[in-house]
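Below, read A as the first sequence line, B as the second, and so on, with proteins coming before strands; counting in each chain starts at 1.
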Protein chains: 4
Amino acid sequence: MSDVVKKPRAKRGRPRDLGARDAILRAARSLLDEGGPGAVTMEAVASRANVGKPTVYRWWPDRHAVVMAALLGEAQPAAMASAEQRSALDELKEQLLQVVKRFATPTGRHIASMLAAADPGSELARAFRGHFVLARRDEGRAILQRGIERGELREDIDVEAAVDQLLGAVFLRLLLGLAPLDATFVEQLVGNARLGLAARR
Amino acid sequence: MSDVVKKPRAKRGRPRDLGARDAILRAARSLLDEGGPGAVTMEAVASRANVGKPTVYRWWPDRHAVVMAALLGEAQPAAMASAEQRSALDELKEQLLQVVKRFATPTGRHIASMLAAADPGSELARAFRGHFVLARRDEGRAILQRGIERGELREDIDVEAAVDQLLGAVFLRLLLGLAPLDATFVEQLVGNARLGLAARR
Amino acid sequence: MSDVVKKPRAKRGRPRDLGARDAILRAARSLLDEGGPGAVTMEAVASRANVGKPTVYRWWPDRHAVVMAALLGEAQPAAMASAEQRSALDELKEQLLQVVKRFATPTGRHIASMLAAADPGSELARAFRGHFVLARRDEGRAILQRGIERGELREDIDVEAAVDQLLGAVFLRLLLGLAPLDATFVEQLVGNARLGLAARR
Amino acid sequence: MSDVVKKPRAKRGRPRDLGARDAILRAARSLLDEGGPGAVTMEAVASRANVGKPTVYRWWPDRHAVVMAALLGEAQPAAMASAEQRSALDELKEQLLQVVKRFATPTGRHIASMLAAADPGSELARAFRGHFVLARRDEGRAILQRGIERGELREDIDVEAAVDQLLGAVFLRLLLGLAPLDATFVEQLVGNARLGLAARR
DNA sequence: GGATAATCGAGACGGTACGTCGCGTCTTCAT
DNA sequence: ATGAAGACGCGACGTACCGTCTCGATTATCC
């Protein structure tokens, strides 16, 4: 979303047209909706945005980046009702529901595709992962941390791994595309996580 | 008599050459190793396999399918030491280690890419998922089931979700490509899963 | 057997199926009519004739030859009313009319195409030329010869060239495909040829 | 003002590269010389011209058209010594010699092949015929016309047919590829044409 | 009459070229 | 200097036929 648009100097010549940037993203988004990531070709984007191909390349380095940028733009901040007086596990449930709602859509699958397809080292891929996954991980980590501090959760849980277990389950089902991805599933996840698998003596 | 017994093999014409099929897969595999899925072009495959392009298309409908088939062929059954006298959680650890070992490689990432990129409805995609993920899920489910029967694990855990939580965490890190994916991680996962997150009163 | 004098072709094995040969030619002919020489592909011919491709190659060495053979088969001997009591020039007219009638058709153009496209040295090309052009030339030469002998025509005309002038004009118009190719044209040709171009003193 | 003025040249975008066009034609020409029309494949042309295949298709619609264009480019105007004080028949001889010289070469046969093979209705085929045959016909017609006006030739000859008789004979021998195609032949043609076939009383 | 052998329909094979599509770059003219 | 337009070199796509080969199943003639 917030790209690094450096504007330190008064530029000479015609300034870049931010309207073109928007038109490109809108075009890419509509193509995404209509035909998935494969339909977002540079030529289709440029044509639909009434923009020259070099203009697209002026903003993003390649096809991949445009798709990612289009998907990034679709991200709503997810609100996070943030009633922090609730229990940590309720907050987790709330967060996972948001995630599930966000990803149980065609767009969600596209995001997963891009996550899997992107060169893991690239700048935009980093931003993409950060936006869609790491941010969620950070939220989850914060929730767990608070739970530990409030004594609701065990002190010696591995927070990183715990978050991955919850988010990972959602992404796995998203990738597989067959098992249900809904509120019930969230309940099961949190239920399992809360009590653990081991029998009590 | 019933003359419609089942005659899938009309068996006319020159039989398909399994040698060509193998050569194609070998070529695709070597290209995969050298340059990733993007390097597996039909022309490169055909040329390296000393095979005509139409022959490749006779066996698989498109580029994607060839890559999947090549990856499918690389799957070793992983042995699964199957000392079933051990505890369910030890078995889980063992299984996850196998999975981690299998996927914490370039090939592993390629598999994840294909999982994410494939049309979820296609035949080969189904086989692909079945081979690489569903099979693991079934193994995990079986382990948990045995644990429950032996009284090691709680009776009311949601087995499906539990397996997804373990495998999902691994796949998530694989997709993200940054957090470590190793034996320590497996320990953390199983540790979290065993005791649960909730504090004991 | 009593009539076994010498059987140089002691045929063993299954004899060639003349029915297949006919079916192939019929198929090639119908394809020719429907789509021109370009439509006569080996696969289409074999399929339409219910014949294996190797069977086609057993009779003709390549695609070209099949087309030629199909066209050869369409040649009717043209009857040549052969009322030889008429004047040489009338006979010429008659012959040219036959030629025009024969070639002023799609098939006629196909024949011209093959004449132009064929490797001039090949066996079948020779037969093809012989059949469609040289035979006409021989007829024309015979007519002129008779005319000379009967005193109707000048003695010192170059017979070969004269025939080529008449037939060539027809083929030229056939190739060009625009100037009319009909009885009037034949009249003009013979008229020009009869009197010559030079003015009489 | 009338805004529908006629704007065939919108003149936007990068202009077509005439250098590429030339390189393509040069490549096609060299391939023609080396291997005949069959060797002029789009891929060979593009590769030899250091040009992308789509660029070739931007200029010509298919393989056929490229071959024709290459042949068209080879046509030298033939000078036509234009000593118009000579007799019409001498001029005819001169012209036919030029034609013979032009076509009694491998390139000449290629031209004939293309003439015979081309779709007679297509734009390029029209140009091709115009260039190689109709232009010659027009020249011949002009010569005959002058001859008539000067009283050298009969007034009532059919000029069109007469020209076709001369040119047609040349093309016929070219197609047949066996009878000689040389100055002697030209002499015979003009000789026959001059005096006519009919005996003088 | 049983072996032998050439031919049959069928169709896969290694190839070559087709004509198309998309990539990312370059070049022009107009703002 | 940007912007749109669009041609460019490149390379892969998936298809169509080429002419050859390999099957199992027929049909003859020869032993």
Side-chain angles (χ1 to χ4, degrees), chain A residues 11-17 19-20 38 40-47 49-58 60-64, chain B residues 10-21 23 38 40-47 49-59 61-63, chain C residues 7 10-17 19-20 38 40-47 49-64, chain D residues 10-21 38 40-47 49-59 61-63:
Chain A
K11 299 290 204 103
R12 292 214 314 172
R14 176 172 175 172
R16 301 208 7 205
D17 182 353
V40 186
T41 68
M42 291 310 240
E43 319 218 306
V45 167
S47 154
N50 283 326
V51 141
K53 253 196 306 177
T55 301
V56 185
Y57 282 98
R58 225 168 266 126
W60 296 278
D62 56 26
R63 196 186 90 90
H64 238 83
Chain B
K11 215 50 173 135
R12 285 208 300 191
R14 176 172 176 173
R16 307 280 294 269
D17 183 351
L18 288 176
R21 206 190 108 105
V40 185
T41 69
M42 292 309 239
E43 313 216 311
V45 167
S47 151
N50 283 326
V51 142
K53 230 186 331 170
T55 297
V56 185
Y57 283 97
R58 228 169 263 127
W59 286 101
D62 54 28
R63 201 186 86 88
Chain C
K7 200 77 160 299
K11 304 274 243 149
R12 291 217 319 174
R14 177 173 176 171
R16 308 269 296 265
D17 182 352
V40 185
T41 69
M42 290 311 239
E43 317 217 307
V45 167
S47 154
N50 284 325
V51 142
K53 254 200 299 179
T55 300
V56 185
Y57 282 98
R58 227 167 264 126
W59 288 102
W60 295 278
D62 57 26
R63 197 185 90 89
H64 236 83
Chain D
K11 213 51 174 136
R12 285 207 300 192
R14 174 173 176 173
R16 307 279 297 269
D17 182 352
L18 288 176
R21 205 189 109 103
V40 185
T41 69
M42 291 309 237
E43 315 216 308
V45 167
S47 152
N50 284 325
V51 142
K53 232 189 325 173
T55 297
V56 185
Y57 282 98
R58 228 169 263 126
W59 286 102
D62 55 26
R63 201 185 87 87

J.: Tell me every residue that passes side-chain hydrogen bond (donor to acceptor under 3.5 Å, both in side chains) with B:Arg58, counting only those two or more places apart in sequence or in another chain.
T.: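 Only B:Thr55 meet the side-chain hydrogen bond (donor to acceptor under 3.5 Å, both in side chains) criterion with B:Arg58.
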J.: Work out which heavy atom in C:Ala46 is nearest to a heavy atom in C:Gly52; give both atom names and the distance.
T.: CB-C, 4.2 Å
J.: Rounded to whole angstrom units, what separation is found between the CG atom of A:Asn50 and the P atom of F:dG6?
T.: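 After rounding, the reported distance stands at 11 Å.
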J.: By nearest nucleotide on DNA chain E, pick out whichever of B:Ala20 and C:Ala46 is the more 5' one.
T.: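 So the residue in question is C:Ala46.
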J.: Identify the heavy atoms of A:Glu43 and A:Lys53 that sit nearest to each other, and give their distance.
T.: OE2-NZ, 2.7 Å
J.: Quick check: on DNA chain F, is the nucleotide nearest C:Val40 upstream (toward 5') of the one nearest D:Ala49, or the reverse? Name the residue that is more 5'.
T.: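 Counting from the 5' end, the first nearest nucleotide belongs to D:Ala49.
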J.: Tell me if the side-chain of C:Arg16 makes a donor-acceptor pair with the base of E:dT7, cut-off 3.5 Å, by modelled atom types.
T.: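 There is none.
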J.: May I have the distance from B:Asp17 (atom CG) to F:dT20 (atom C1'), rounded to whole angstrom?
T.: 14 Å
J.: Over how many whole Å does the gap from B:Met42 atom CE to E:dT20 atom P extend?
T.: 21 Å
J.: Can you tell if the side chain of D:Trp59 reaches within under 4.5 Å of the side chain of D:Asp17, non-hydrogen atoms only?
T.: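 The answer is no; the side chains never approach within 4.5 Å.
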J.: Rounded to whole Å, how long is the line connecting atom CZ of D:Arg14 with atom P of E:dT27?
T.: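 Rounding to the nearest Å, CZ of D:Arg14 and P of E:dT27 are 6 Å apart.
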J.: The criterion is side chain to side chain contact (heavy atoms under 4.5 Å, CB included); which residues satisfy it with A:Asp62, sequence neighbours excluded?
T.: A:His64, A:Ala65
J.: What's the CD-C1' distance between D:Glu43 and F:dA16, to the nearest Å?
T.: 14 Å
J.: What are the two closest non-hydrogen atoms of D:Val56 and D:Met42, and how far apart are they?
T.: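 Smallest interatomic distance, heavy atoms only, reads CG1-CE, 3.7 Å.
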J.: Expected output is a numbered-order residue list: members of residues 52-63 of chain C with a heavy atom under 4.0 Å from any atom of DNA chain F. What is it?
T.: C:Lys53, C:Pro54, C:Tyr57, C:Asp62, C:Arg63
